[in-house]
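Here is the structure we will look at.
None of these values were measured; they are calculated from a predicted model. Below, each value reflects all heavy atoms present in this structure, side chains not excepted, and no hydrogens, waters or symmetry copies.
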Amino acid sequence: MKAVIFDKDGLMFDTERLCIQAWDYAGEKIGIGRAGYMVLKTLGMNAASTEEIWRKEFGGRCVIQEMRQYSKEFFTEYFKENTLPVKEGLYILLDYLKDSGYKMAVASSSRKEEVDRHLQEAGITDYFQEVVGGDMVGRSKPEPDIYLRACELLEEEPGDCYALEDSRNGLLSAYRAGCVPLMVPDLWQPDQEILDIIAGRFDDLAEVRDYIRRNSESA
C-alpha cells in the first residue's frame, strides 16, 4: 500500500454533530422545524446532491439560501468561542503515515475552499499532497469520481490506496473506485452491505494506525 485518502467530516473532524445543531437552528429560523436529522440522510454527499435531497423532503417550504444563511450564522457564533473539533487519533495517524512515507490526500464532499480552511485551522495542511473537494468532480459520493480523481492526482493505482471513511456513501464511493475502504463509524453504524466491502472497522484513527502498521510489517 502506497497512499491513504481521508474523508473530512465525521472522519477527521467531529463536524457532523455540529451540522445537526446548525440545521436544527436554521430549520427553526425558517419555520420548517428542527432539521438536523437531515444530516443522516445526506452523509457523504456534495452540496448539489444534498440540496436535491432537501427539496424532496421539504418541497417549496425549504429555501436553500435561507438554510445556508442561518447555518452560517450558527457556525460563526460557535467558532467565536470554540475550535474545530478534531477526531481522536488524527495526529497520531498522520504522524505515523508521514514518517512511514505514505502519500496522503483528502477526498471530501465539502467544497475545496472549506476543506482547505479546516485543514489550515487544524494545522495539518502540510501532511497532504492533494486535496479534492466535492466541487471538483461531476458526481457525488457514492459514485467513485472523487476517489478516482484523488488517486489520479497522487499518481497511484486505487488498489494501492487505503480510503478512510465514516459514511455509507463514502465507503461505497471508495469501494467502487477500487480503493481499500477502512471505516471509522461516526453517526452511522455499518450494515451487512458495508461490512462485506470494508477491509476493517475501527473505533478511532489510532486503531487505523495500528492496523496499517501491522499490515506493512507483515507485507
Side-chain angles (χ1 to χ4, degrees), residues 1-13 15-16 19 39 41-53 84 86-87 90 93-94 96-98 100-186 188 190 193-194 197-200 202 205 208 211-212 215:
M1 304 299 288
K2 299 177 181 179
V4 180
I5 305 172
F6 289 70
D7 178 41
K8 179 177 75 73
D9 295 303
L11 190 283
M12 289 196 286
F13 306 115
T15 44
E16 289 175 350
C19 191
V39 170
K41 293 193 173 189
T42 57
L43 286 176
M45 295 182 177
N46 64 14
S49 295
T50 296
E51 289 181 11
E52 183 178 346
I53 297 297
L84 187 68
V86 176
K87 298 288 279 188
L90 176 61
L93 175 58
L94 290 174
Y96 167 75
L97 295 175
K98 181 179 180 180
S100 301
Y102 287 89
K103 295 180 181 179
M104 286 181 270
V106 178
S108 170
S109 294
S110 298
R111 292 176 296 106
K112 186 177 186 297
E113 178 185 2
E114 178 183 306
V115 181
D116 288 338
R117 185 175 72 252
H118 284 176
L119 297 179
Q120 184 175 9
E121 289 173 2
I124 59 175
T125 300
D126 293 342
Y127 285 93
F128 298 100
Q129 284 75 52
E130 302 292 343
V131 174
V132 185
D135 54 339
M136 295 171 61
V137 293
R139 298 182 299 173
S140 175
K141 300 175 184 179
E143 301 303 326
D145 301 36
I146 195 165
Y147 276 100
L148 291 173
R149 180 61 173 154
C151 293
E152 178 186 2
L153 291 172
L154 289 173
E155 299 183 338
E156 299 292 349
E157 293 297 319
D160 293 326
C161 300
Y162 290 115
L164 307 186
E165 280 280 358
D166 68 292
S167 72
R168 169 189 288 276
N169 288 325
L171 291 161
L172 287 172
S173 174
Y175 177 75
R176 291 169 180 173
C179 298
V180 178
L182 303 179
M183 183 181 191
V184 184
D186 184 37
W188 180 79
E193 178 188 11
I194 296 301
I197 67 170
I198 61 177
F202 308 93
L205 293 169
V208 175
Y211 171 85
I212 293 176
N215 277 10

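Taken from CE in Met1 to CD in Glu156, the straight-line distance is 10.0 Å, to the nearest 0.5 Å. Taken from OH in Tyr162 to CG in Leu182, the straight-line distance is 6.5 Å, to the nearest 0.5 Å. For the atom pair CE of Met183 and CD1 of Ile197, the computed distance is 9.5 Å after rounding to the nearest 0.5 Å. Considering NZ of Lys141 and CG of Asp7, their distance stands at 4.0 Å, rounded to 0.5 Å. Between the CD1 atom in Ile146 and the OG atom in Ser140 there is a gap of 8.0 Å [rounded to 0.5 Å]. With rounding to the nearest 0.5 angstrom, the CG atom of Leu97 is 10.0 Å from the OH atom of Tyr127.
Exactly one of Val115, Ile5, Leu119 qualifies for a side-chain contact (heavy atoms from CB on, under 4.5 Å) with Ser108. That residue is Val115.
A donor-acceptor distance shorter than 3.5 angstrom exists from the side chain of Lys103 to the backbone of Leu154, with no hydrogens or angles considered. Judged by distance alone, with hydrogens and angles left aside, the side-chain atoms of Asn169 form a donor-acceptor pair with the main-chain N or O of Leu43 at under 3.5 Å. Side chain of Ser173 to main chain of Glu143: a donor-acceptor pair is present (N/O by atom type, distance under 3.5 Å, no hydrogens or angles). The backbone N or O of Met104 sits less than 3.5 Å from a side-chain atom of Gln129, completing a donor-acceptor pair. Between the Thr42 side chain and the Met45 main chain, no donor and acceptor come within less than 3.5 Å of each other.
By the 4.5 Å heavy-atom criterion applied to side chains, Leu164 and Val184 are not counted as neighbours. Between Ile124 and Phe6, the closest side-chain pair of non-hydrogen atoms is not below 4.5 Å. For the pair Glu165 and Tyr175, the minimum side-chain heavy-atom distance is 4.5 Å or more. The closest side-chain heavy-atom distance from Val131 to Leu153 is not below 4.5 Å. Inter-residue side-chain proximity for Leu94 and Phe128 is flagged as met; some heavy-atom pair is nearer than 4.5 Å. The side-chain heavy atoms of Glu114 and Lys8, taken from C-beta on, include a pair separated by under 4.5 Å.
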Item to complete: Determine, step by step, whether Leu11 and Leu205 satisfy the side chain to side chain contact (heavy atoms under 4.5 Å, CB included) criterion, reporting the C-alpha distance in whole Å, the side-chain angles of both residues, the deciding distance to 0.1 Å, and the verdict.
Response: CA-CA 8 Å; Leu11 190 283; Leu205 293 169; 4.1 Å; yes

Exercise for review: Give the C-alpha distance, both sets of side-chain angles, the deciding distance and a yes or no for side chain to side chain contact (heavy atoms under 4.5 Å, CB included) between Glu193 and Leu172.
Suggested key: CA-CA 10 Å; Glu193 178 188 11; Leu172 287 172; 4.0 Å; yes

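Using modelled atom types and a 3.5 Å distance limit, the side chains of Ser110 and Asp9 yield a donor-acceptor pair.
Scanning all heavy atoms of the two residues, the minimum distance from Pro185 to Trp188 falls at CB-O, 3.6 Å. Nearest approach of Arg139 to Pro144, heavy atoms of both residues: NH2-CD, 4.1 Å. Residue Gly170 comes nearest to Tyr147 through the heavy atom pair O-CE1, 3.9 Å, listed as atom of the first residue, atom of the second, then distance. Smallest separation of non-hydrogen atoms from Cys151 and Cys161: SG-SG, 3.9 Å. Nearest heavy-atom pair, Leu171 versus Pro181, reported as atom, atom and distance to 0.1 Å: CD2-CB, 3.9 Å.
The residues Asp116 and Lys112 are annotated as salt-bridged, a charged nitrogen and a carboxylate oxygen being separated by less than 4.0 angstrom. The existence of a salt bridge linking Asp166 and Lys87 is excluded, since no basic side-chain nitrogen approaches an acidic carboxylate oxygen closer than 4.0 Å.
The local environment of CD in Glu121 is crowded, with over 12 non-hydrogen atoms from other residues, nucleotides or ligands closer than 6.0 Å.
Ring orientation note: the planes of Tyr102 and Tyr96 are tilted relative to one another, at an angle of 30° to 60°.
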